[in-house]
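Computed from a predicted structure; not experimentally measured.
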Amino acid sequence: MHKVLAGAVLASALAWSGSALSTDLIQVHRLALDNDPQLRAAEAQRLAQSEFRPQARASLLPFVTFDASYNRIHEEVNTANIGRVGTSDYSVTDLSLSLVQPLFRRDYFVQLKQADSVLALADAQYSVAHQDLMIRAAQAYFGVLAARDALFLARAEKDSVGRQLEQARQRFDVGLIAITDVHVAQAAYDLATAAEIEAANQLQSANEALYELTGEHVDDIRPLQAEIPLVSPAPADVERWVQAAMDQNFTLLAARFNAEIAERNVSLQRAGHYPTLDLVASMGKTDSRSDLAPRDSEDAVIGLQLSVPLFQGGAVRSRTRQANYELAQAREQVEQQRRSTLRATRDAYNAVIAAINRVNALAQARVSARSALEATEAGMEVGTQTAVDVVTTRTELFRAENDYAAARYDYLLNILRLRLAEGSLSITDLRLINRWLQ
């Protein structure tokens with residue numbers, strides 16, 4: 001039974017479905033782009049924030065208003081000099097067109113400058129969401145492959161233990177071994193059955209996670225090749241990766257843009273102390289149809305309107321202090337994000353190096369575990385090893401096989417996480433990994 005393990009456990013796991021697999025990582029990413037609610041929400045947020053600049057610019061443009069009114073009036077008239085009393089019913093129509101053009105509004109100009117930071121923040125936040133989608137797509141994709149491999153190995157272990165249990169019963173029936181060996185094999189079989197159930201549940205969960213991301217049930221994803229290149233980060237200098245991350249990590253950039261917005265907001269609140277100057281123009285027409293004194297008049301006015309704030313109850317000073325506190329908060333958040341980015345970049349760099357070493361070590365562990373199982377089974381045949389020894393070495397072999405498969409997926413994900421921390425993660429990185437699929 002160990003002959004199967006020695007040559008084909010991982011290869012069989014990779015060929016899980018027994019059919020040509022079609023959906024690859026790029027296709028999963030494309031489905032996620034079309035269907036992921038998180039990305040769509042981020043896009044809607046970006047579009048909403050992009051309206052800030054047109055609104056800020058609109059405040060600097062002329063504000064034109066047309067007003068019209070029509071009134072029907074019933075009036076009792078007492079003319080004292082002739083002693084005449086009477087009534088009058090007439091209508092009054094008023095039409096007016098007014099224009100206000102801001103000439104000096106410091107708060108409006110500050111808002112226009114602030115809009116640039118808002119737009120930059122929106123773009124950075126969307127880039128964060130897009131790169132996060134790539135990571136989530138890869139995690140969901142390789143999560144299914146890892147769960148699929150684990151289930152295959154669990155079934156293979158169960159079948160192997162099942163054959164050992166059957167052999168143990170046959171040998172016990174002819175008096176070659178004690179009942180203890182049968183009980184050991186039975187216990188191992190029961191544990192393998194439980195492991196298979198758990199692995200099947202994990203695969204179902206992984207498939208649901210992929211559905212949550214893509215909105216579609218994807219049943220035929222392509223597996224990873226049996227051999228993939230293990231490439232160390234280039235350049236092989238973690239500090240150069242850190243420096244690049246300090247310049248282009250989108251989460252850090254978003255924090256910096258948020259601090260710029262907070263800084264502009266301080267100026268915006270201080271603008272409450274400044275006077276305002278507007279150009280004001282209006283045209284009006286009044287038509288009165290009174291029987292006693294009909295009137296039809298037109299007027300046109302143009303001038304400057306100056307407003308100087310003198311006292312507003314301390315509200316401007318309070319809002320300015322509040323804006324300064326918010327600026328201090330934003331700057332601390334930038335520092336926190338800078339440290340977090342620095343740590344994430346170094347961790348990701350070291351994780352790639354560690355993953356390469358781990359894959360190589362586990363590849364050797366698989367070879368050693370296979371040899372150990374062969375030797376243990378041979379020892380059991382001649383009586384120098386027990387059934388417990390065989391169960392233990394077989395368990396170690398399947399653990400090594402499972403750890404090796406999982407380590408390869410971790411290596412690929414760590415490559416993407418390093419690119420994410422640096423801020424350079426793109427579809428090109430997914431295409432590179434996609435070439436390593438069968």
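- Residue Gln312 comes nearest to Gly272 through the heavy atom pair NE2-O, 3.3 Å, listed as atom of the first residue, atom of the second, then distance.
- For Asn249 (side chain) and Thr251 (main-chain N/O), a donor-acceptor pair under 3.5 Å exists by modelled atom type.
- With Ser205 contributing its side chain and Asn201 its backbone, the two residues share no donor-acceptor pair below 3.5 Å.
- Within the 4.5 Å cutoff, the side chain of Leu119 has no heavy atoms near those of the Phe52 side chain.
- A donor-acceptor pair under 3.5 Å links the side-chain atoms of Ser50 to the main chain of Leu47, judged by distance alone.
- Other residues, nucleotides and ligands contribute at most 12 non-hydrogen atoms within 6.0 Å of the OH atom of Tyr325.
- Salt-bridge check for Arg419 with Glu422: passed, with a basic side-chain N closer than 4.0 Å to an acidic carboxylate O.
- Judged by distance alone, the side chain of Gln131 and the main-chain N or O of Leu425 form a donor-acceptor pair under 3.5 Å.
- Using a distance-only test at 3.5 Å, with no hydrogens or angles considered, no donor-acceptor pair links the side chain of Tyr274 to the main chain of Asp107.
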Exercise. Decide salt bridge (Lys or Arg N to Asp or Glu O under 4.0 Å) for Arg370 and Glu401; before the verdict, give the C-alpha distance in whole Å, the side-chain angles of both, and the deciding distance to 0.1 Å.
Key: CA-CA 10 Å; Arg370 291 169 187 166; Glu401 294 282 2; 3.0 Å; yes
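- Using a 30° and 60° split on the angle between ring planes, Tyr349 and Trp241 fall in the tilted class, from 30° to 60°.
- Using a 4.5 Å heavy-atom threshold, the side chains of Leu306 and Pro275 count as touching.
- Atoms NE2 and CD1, on His29 and Ile26 in that order, are 7.5 Å from each other to the nearest 0.5 Å.
- Without hydrogens or angle criteria, Asn35 side chain to Thr214 main chain gives a donor-acceptor distance under 3.5 Å.
- A 6.0 Å sphere centred on CZ of Arg40 holds more than 12 heavy atoms belonging to other residues, nucleotides or ligands.
- Inspection of the Asn265 and Gln269 side chains reveals an N or O donor paired with an N or O acceptor under 3.5 Å.
- Side-chain contact between Arg358 and Asp403: present, with at least one pair of heavy atoms (C-beta onward) separated by less than 4.5 Å.
- Residues Met283 and Ser98 are not in side-chain contact: their nearest non-hydrogen atoms beyond the backbone lie 4.5 Å or more apart.
- No side-chain donor-acceptor contact under 3.5 Å links Asn402 to the backbone of Phe398.
- No more than 12 heavy atoms of other residues, nucleotides or ligands lie within 6.0 Å of OH in Tyr211, so this atom counts as exposed by the packing criterion.
- Using modelled atom types, one finds no donor on one side chain facing an acceptor on the other under 3.5 Å when comparing Gln55 with Glu51.
- Within the 4.5 Å cutoff, no side-chain heavy atoms of Arg319 are placed close to those of Arg270.
- Using a 4.0 Å cut-off between a side-chain N of Lys or Arg and a carboxylate O of Asp or Glu, Arg417 and Asp347 do not qualify as a salt bridge.
- Ion pairing of Arg339 with Glu335 is present here, as a side-chain N (NZ or NE/NH1/NH2) and a carboxylate O approach within less than 4.0 Å.
- A donor and an acceptor atom, one from each side chain of Gln202 and Glu198, are located under 3.5 Å apart.
- Between Ala245 and Leu252, the shortest heavy-atom distance links the atoms O-CD2, 4.2 Å.
- Considering only heavy atoms from C-beta on, Gln111 comes within 4.5 Å of Leu268 through its side chain.
- By the 4.0 Å N-to-carboxylate-O rule, Arg136 lies close enough to Asp132 to be salt-bridged with it.
- Glu216 and Leu31 make their closest contact through OE2-CD2, 3.6 Å (heavy atoms, listed as atom of the first residue, atom of the second, distance).
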Quiz prompt | side chain to side chain contact (heavy atoms under 4.5 Å, CB included) assessment of Arg394 paired with Val161 | solution = CA-CA 9 Å; Arg394 181 185 293 109; Val161 174; 3.9 Å; yes
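- For Gln225 (side chain) and Arg435 (main-chain N/O), a donor-acceptor pair under 3.5 Å exists by modelled atom type.
- Contact annotation: the side chain of Leu253 never approaches that of Asp247 to less than 4.5 Å [non-hydrogen atoms, C-beta and beyond].
- A donor-acceptor pair is defined here as one N or O able to donate and one able to accept, closer than 3.5 Å; no such pair exists between the side chain of Glu332 and the backbone of Gln329.
- A donor-acceptor pair under 3.5 Å links the side-chain atoms of Ser371 to the main chain of Val367, judged by distance alone.
- Between Glu166 and Arg163 there is no salt bridge, since no side-chain nitrogen of the basic residue lies less than 4.0 Å from a carboxylate oxygen of the acidic one.
- In this structure, the side chains of Leu437 and Asn434 come closer than 4.5 Å at one or more pairs of heavy atoms.
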